[in-house]
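Sequence lines set the chain letters: A, B, ... in the order given, protein chains first and strands last, and positions in each chain run from 1. For clarity, every value in this text was computed on a predicted model and none was experimentally measured.
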Amino acid sequence: MRILFMGTPYLAAETLRAVHEKDGVTVVGAVTRPDKPKGRGMKLIPSPVKEYALANGIPVFQPKTLRDGAFRETLEALDPELIVVAAYGNILPPYVLDYPKYGCVNAHGSLLPEYRGAAPIERAIMDGKTVTGITAMYMDEGLDTGDMIARYPCPIEDTDDGGTLTEKLAKLAGQAMCDVIDAIAAGTVSRTPQPGEGSTYAAKITPEDQRADFSKPARVVFNQIRALNPSPSAETVMPDGSALKLTEAYPCEDGNPEGALPGTVLETVGKGAGRILVACGEGAVAVTGVIPSGKKRMSAGDFVRGRKIAPGDVLGVKPGEDPGHSEQ
RNA sequence: CGCGGGGUAGAGCAGUCUGGUAGCUCGUCGGGCUCAUAACCCGGAGGUCAUGUGGUUCAAAUCCCUUCCCCGCAA
């Protein structure tokens with residue numbers, strides 16, 4: 001089967017790998033977003049999909065848009081029978097949707113109709129969900145609104161973070177697309193419209209989403225920190241005004257018995273992996289991993305040993321700002 | 001040439017402004033205390049201070065210059 005793949009980040013690259021390694025499949029091309037035009041020192045950063053494709057001899061296409069005629073010519077030249085999409089980042093216009101005889105299928109990182117959109121994995125963890133998954137679906141002109149083919153549940157463990165869950169879902173996405181290809185080849189594929197009710201939208205992560213809000217319960221702060229690890233990470237502000245990313249933590253429901261002001265550092269431990277206990281609206285979070293501004297990812301113990309933080313410091317409040325107005 | 005931080009012992013840092021004995025918190029090794037310990041006490045090892053047989057100086061981790069590398073932000 002002649003397949004054209006479209007996708008961009010890690011999850012998409014793993015999906016491409018699964019499809020590419022599948023018997024009876026010819027990947028005629030990989031469409032991915034253009035290399036990021038800048039980076040530190042003007043570096044170009046190719047997408048994971050592009051890297052995989054180049055390493056495996058798959059032609060790479062990086063159109064700025066699918067809407068103009070330039071891509072239509074490419075599409076006709078590649079002449080795919082099926083288009084497989086995973087986290088490509090663009091809506092497909094009708095002429096693309098209609099071209100392949102077997103249609104366009106997508107692997108989405110949630111159990112639709114929940115978490116349609118750009119950041120379903122992170123949003124599911126942030127919301128404290130215990131189950132998410134991959135939905136294999138046909139694409140239409142809407143945002144993740146097409147008919148479903150199959151859903152693959154995946155539990156979210158307390159030990160999961162954005163990185164581990166993405167890895168798990170990436171494997172499922174690969175499996176899902178291989179199953180879909182088999183079903184299409186066998187003529188047994190089925191499609192079910194999404195329920196009209198229960199849909200939610202998982203907007204992309206904004207800087208505001210990254211800002212740790214210690215006024216929330218410990219569990220919420222914990223969910224936020226792990227959802228955004230390893231990238232882009234939850235972030236707070238040190239008493240000196242510098243940024244501090246929080247990469248690892250665990251909740252201590254009874255860690256703030258005296259009801260200290262949210263953001264207050266209650267305890268620092270510099271032995272071993274160490275930890276930094278920070279008061280929350282309810283309970284406290286024990287931060288165990290951080291990235292100081294201009295520094296590498298390090299354990300809380302290393303950070304404490306460097307004497308950058310001490311009990312009594314208040315996080316999340318810029319110097320001169322009233323701690324009572326931590327909202328907004 | 002987008003903005004900024006940094007390269008000092010195995011780890012994280014201080015010291016650099018105001019040149020003049022290489023320090024701190026840990027880890028590690030040895031000893032002690034203890035019923036015992038990741039706790040406490042004592043002692044030791046471990047660093048050409050990223051690079052340049054660079055410049056200035058009586059003297060450079062520190063001031064000036066070179067090159068390389070790392071990281072955060074922004075996209």
Just how far, in rounded Å, is C1' of rG12(B) from CG of Leu244(A)? 14 Å

Sticking with atom C1', work out how far rG10(B) lies from rU67(B), rounded to a whole angstrom. 27 Å

Spacing of the P atoms in rC33(B) and rC13(B) (rounded, Å): 38 Å

Which value, in whole Å, describes the distance between the C1' atoms of nucleotides rG19(B) and rG46(B)? 27 Å

Closer than 4.0 Å, any side-chain N/O of Lys308(A) to the OP1 or OP2 of rA14(B)? yes

Taking a pair to mean Watson-Crick or G-U wobble geometry with both distances below 3.5 Å, rC33(B) pairs with none

Considering every strand shown, what is the Watson-Crick or G-U wobble mate of rG2(B) when both distances are under 3.5 Å? rC73(B)

Working for side-chain hydrogen bond (donor to acceptor under 3.5 Å, both in side chains), residues Glu248(A) and Asn229(A): CA-CA 7 Å; Glu248(A) 293 172 54; Asn229(A) 184 56; 5.4 Å; no

In Watson-Crick or G-U wobble terms, both distances under 3.5 Å, what is the partner of rC68(B)? rG7(B)

Exam field: side chain Thr135(A) to backbone His108(A), donor-acceptor pair closer than 3.5 Å: no

If we take the P atom in both rC69(B) and rU51(B), what is their distance in whole Å? 15 Å

Can you check the distance between rA59(B) and rG32(B), where both ends of the measurement are the C1' atom (answer in whole Å)? 44 Å

Would the distance check show the side chain of Gln224(A) and the main-chain N or O of Asp209(A) forming a donor-acceptor pair, the cut-off being under 3.5 Å? yes

Rounded to whole Å, CD of Glu235(A) lies from C1' of rG72(B) at a distance of 9 Å

Starting from P on rC13(B), measure out to CE on Met238(A) and report it in whole angstrom. 12 Å

Whether the side chain of Arg2(A) engages the backbone of Glu81(A) through a donor-acceptor N/O pair (distance < 3.5 Å, no angle test) should be reported. no

Work out how far the P atom of rA50(B) is from that of rA61(B), and round it to whole angstrom. 10 Å

Nucleotide rG5(B), atom C1' - distance to CE of Met298(A) in whole Å: 12 Å

Answer whether the closest heavy-atom distance between the side chains of Met6(A) and Leu92(A) falls below 4.5 Å. yes

If I pick the C1' atom on rC71(B) and the same atom on rG55(B), what distance separates them, to the nearest angstrom? 30 Å

Passing option when Asn256(A) is tested against Leu277(A), Val285(A), Leu266(A) for side-chain contact (heavy atoms from CB on, under 4.5 Å): Leu266(A)

Checking side-chain contact (heavy atoms from CB on, under 4.5 Å) against Tyr115(A), which of Asp144(A), Ile121(A), Thr200(A) comes through? Thr200(A)

Glu253(A) and Arg219(A): CA distance, side-chain angles, deciding distance, side-chain contact (heavy atoms from CB on, under 4.5 Å) verdict: CA-CA 8 Å; Glu253(A) 310 294 356; Arg219(A) 188 81 197 177; 4.0 Å; yes

Expressed in whole Å, how much space separates the P atoms belonging to rU21(B) and rC63(B)? 16 Å

Minimum-distance nucleotide (side-chain atoms of Asp302(A) versus rC71(B), rA11(B), rC13(B)): rA11(B)

Heavy-atom contacts, protein to nucleotides 23-31 of chain B, under 4.0 Å, summarised as B (base), S (sugar-phosphate only) or - (none) per nt, yield -SBSS----

Any strand: nucleotide that pairs with rU18(B) via Watson-Crick or wobble, under 3.5 Å: none

Can you measure Lys295(A) atom NZ to rU8(B) atom C1' for me and round it to whole angstrom units? 11 Å

